[in-house]
Amino acid sequence: MESKHQGVIALYDFIDAFNSVKKNEIINKLHFPHYVHSNGNEITIYRNGEDFWKSLKVQFDQMIHNEHWHYSTLDKCEIINKSDKTVQCLVEFNRRTKNKKSYGTATGIWVSTLRKNIWALQIRSMIPVSGTISALAGTKMKNDQ
């Protein structure tokens, strides 16, 4: 079954780490440079985990305080292309409140790569499709440098 592909498992592992809101857990599920794009914004390239975390911390603060975000779910992850070292997936995720209600949905393409014998998320391109999502990967946050 393709859903058991290590590249796909890496994407679900990223969501679990993201939901932990713990810097090192999240960074360890990514390959750098890490490329992100959302909804017509310029592509953002994070060269390392520290730069990524600076932006993500601002996004977490906004999601938690303005959106009442509690966690996200990866509700669709369908392989659209794969090779021995790359998996491209069509994904859909939902941001959810404490009561499990979705308040925002986004869809896009995530790319997992095998580097140094480790599968991890390396490229994300997302578009909001419903609800309220204040920021996605690649959105310039107020405190981004």
Side-chain angles (χ1 to χ4, degrees), residues 1-39 41-79 82 85-145:
M1 176 187 247
E2 286 189 327
S3 63
K4 298 292 185 186
H5 189 288
Q6 291 299 307
V8 172
I9 291 169
L11 302 181
Y12 284 96
D13 287 348
F14 168 75
I15 284 291
D16 290 343
F18 187 87
N19 288 335
S20 78
V21 192
K22 294 180 181 172
K23 175 183 174 181
N24 290 334
E25 287 186 31
I26 296 167
I27 290 170
N28 287 334
K29 300 302 179 187
L30 302 172
H31 281 314
F32 294 94
H34 186 72
Y35 304 86
V36 295
H37 164 266
S38 66
N39 200 27
N41 294 306
E42 292 294 323
I43 293 171
T44 301
I45 303 169
Y46 296 102
R47 300 278 174 208
N48 58 60
E50 290 301 318
D51 290 344
F52 178 80
W53 181 251
K54 285 178 191 174
S55 177
L56 186 60
K57 185 164 180 356
V58 174
Q59 184 178 338
F60 274 136
D61 290 343
Q62 189 168 334
M63 289 186 331
I64 292 166
H65 295 105
N66 298 344
E67 298 175 11
H68 306 287
W69 175 85
H70 192 69
Y71 67 103
S72 295
T73 54
L74 186 55
D75 300 302
K76 179 179 186 176
C77 187
E78 173 186 322
I79 294 175
K82 68 178 177 176
K85 295 182 181 175
T86 301
V87 174
Q88 299 170 336
C89 293
L90 177 63
V91 300
E92 179 180 287
F93 75 78
N94 282 276
R95 290 196 180 152
R96 299 184 182 275
T97 60
K98 191 174 186 174
N99 68 1
K100 302 180 183 179
K101 183 177 187 270
S102 171
Y103 66 85
T105 303
T107 189
I109 306 292
W110 285 5
V111 178
S112 179
T113 57
L114 179 64
R115 295 176 51 207
K116 298 182 182 177
N117 211 30
I118 298 170
W119 282 98
L121 179 56
Q122 185 151 26
I123 301 170
R124 292 180 286 156
S125 178
M126 299 301 295
I127 298 172
V129 293
S130 68
T132 303
I133 293 182
S134 60
L136 288 166
T139 302
K140 289 293 181 189
M141 304 301 288
K142 286 182 183 177
N143 294 344
D144 274 0
Q145 296 177 352

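As the structure is a computational prediction, the values presented were derived from the model and not from experiment.
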- Task: For Thr113 and Arg115, indicate whether the former's side chain and the latter's backbone hold a donor-acceptor pair under 3.5 Å.
- Result: no
- Query: If you round to the nearest 0.5 Å, how far is OG1 of Thr73 from CG of Asn19?
  - Reply: 8.5 Å
- Task: Over all heavy atoms of both residues, which pair between Ile26 and Ala17 is shortest? Give the atoms and the distance, please.
- Result: CG1-O, 3.2 Å
- Check Trp110, Phe18, Phe14 against Leu74 for a side chain to side chain contact (heavy atoms under 4.5 Å, CB included) and give me the one that passes. Trp110
- Item | Check: Ser55/Tyr46 side-chain N/O donor and acceptor closer than 3.5 Å | yes
- Query: Any side-chain heavy atom of Ser72 sitting closer than 4.5 Å to one from Asn94?
  - Reply: no
- Validation row, ring centre His31 to ring centre Trp119 under 6.0 Å: no
- Task: Measure the spacing between NZ of Lys29 and CD1 of Ile118 and express it to the nearest 0.5 Å.
- Result: 9.5 Å
- Task: Supply the atom-to-atom distance Ile27 CD1 to Asp51 CG, rounded to the nearest 0.5 angstrom.
- Result: 9.5 Å
- Item | Exercise: identify the closest heavy-atom pair between Cys89 and Val8 | SG-CG2, 3.9 Å
- Quick one: which of Ile9, Leu11, Ile15 gives a side chain to side chain contact (heavy atoms under 4.5 Å, CB included) with Cys77? Leu11
- Kindly say whether Ile79 contributes a backbone atom to a donor-acceptor pair with the side chain of Gln88 at under 3.5 angstrom? no
- Query: For the residue pair Gln122 and Pro33, what are the closest heavy atoms and their distance?
  - Reply: NE2-O, 2.9 Å
- Message: Salt bridge check, Glu67 against Arg96: does any charged N sit closer than 4.0 Å to a carboxylate O?
- Response: no
- Query: With a 4.5 Å heavy-atom cut-off, do Thr86 and Val111 have their side chains touching?
  - Reply: yes
- Query: Can Thr107 and Glu92 be counted as having a side-chain donor-acceptor contact under 3.5 angstrom?
  - Reply: no
- Any chance you could measure Asn99, atom CG, to His68, atom NE2, to the nearest 0.5 Å? 11.5 Å
- Message: If the test is ring pair (Phe, Tyr, Trp, His ring centres under 6.0 Å), which one of Phe93, Tyr103, Phe60 qualifies with Trp69?
- Response: Phe60
- Got a sec: does the CD1 of Ile43 have more than 12 other heavy atoms crowding it under 6.0 Å? no
- With side-chain contact (heavy atoms from CB on, under 4.5 Å) as the test, would you mind laying out the steps for Tyr71 and Arg95 before giving the verdict? CA-CA 6 Å; Tyr71 67 103; Arg95 290 196 180 152; over 6 Å; no
- Heavy atoms of Val21 and Trp53 approach each other most closely as O-CH2, 3.8 Å
- Show your working on side-chain contact (heavy atoms from CB on, under 4.5 Å) between His37 and Met126 and close with a plain yes or no. CA-CA 6 Å; His37 164 266; Met126 299 301 295; over 6 Å; no
- Considering only heavy atoms from C-beta outward, does the side chain of Asn39 approach that of Pro128 to under 4.5 Å? yes
- Judged by modelled atom types alone, do Arg47 and His34 share a side-chain donor-acceptor pair under 3.5 Å? no
- Measure the shortest side-chain to side-chain distance between Lys82 and Val87 over non-hydrogen atoms and say whether it is less than 4.5 angstrom. yes
- Can you find a heavy atom in the side chain of His70 that is under 4.5 Å from one in the side chain of Met63? no
- Item | Spacing of Leu56 atom CG and Leu30 atom CG [to the nearest 0.5 Å] | 9.0 Å
- Item | Nearest non-hydrogen partners of Ser112 and Ala10, listed with the distance | OG-CB, 3.8 Å
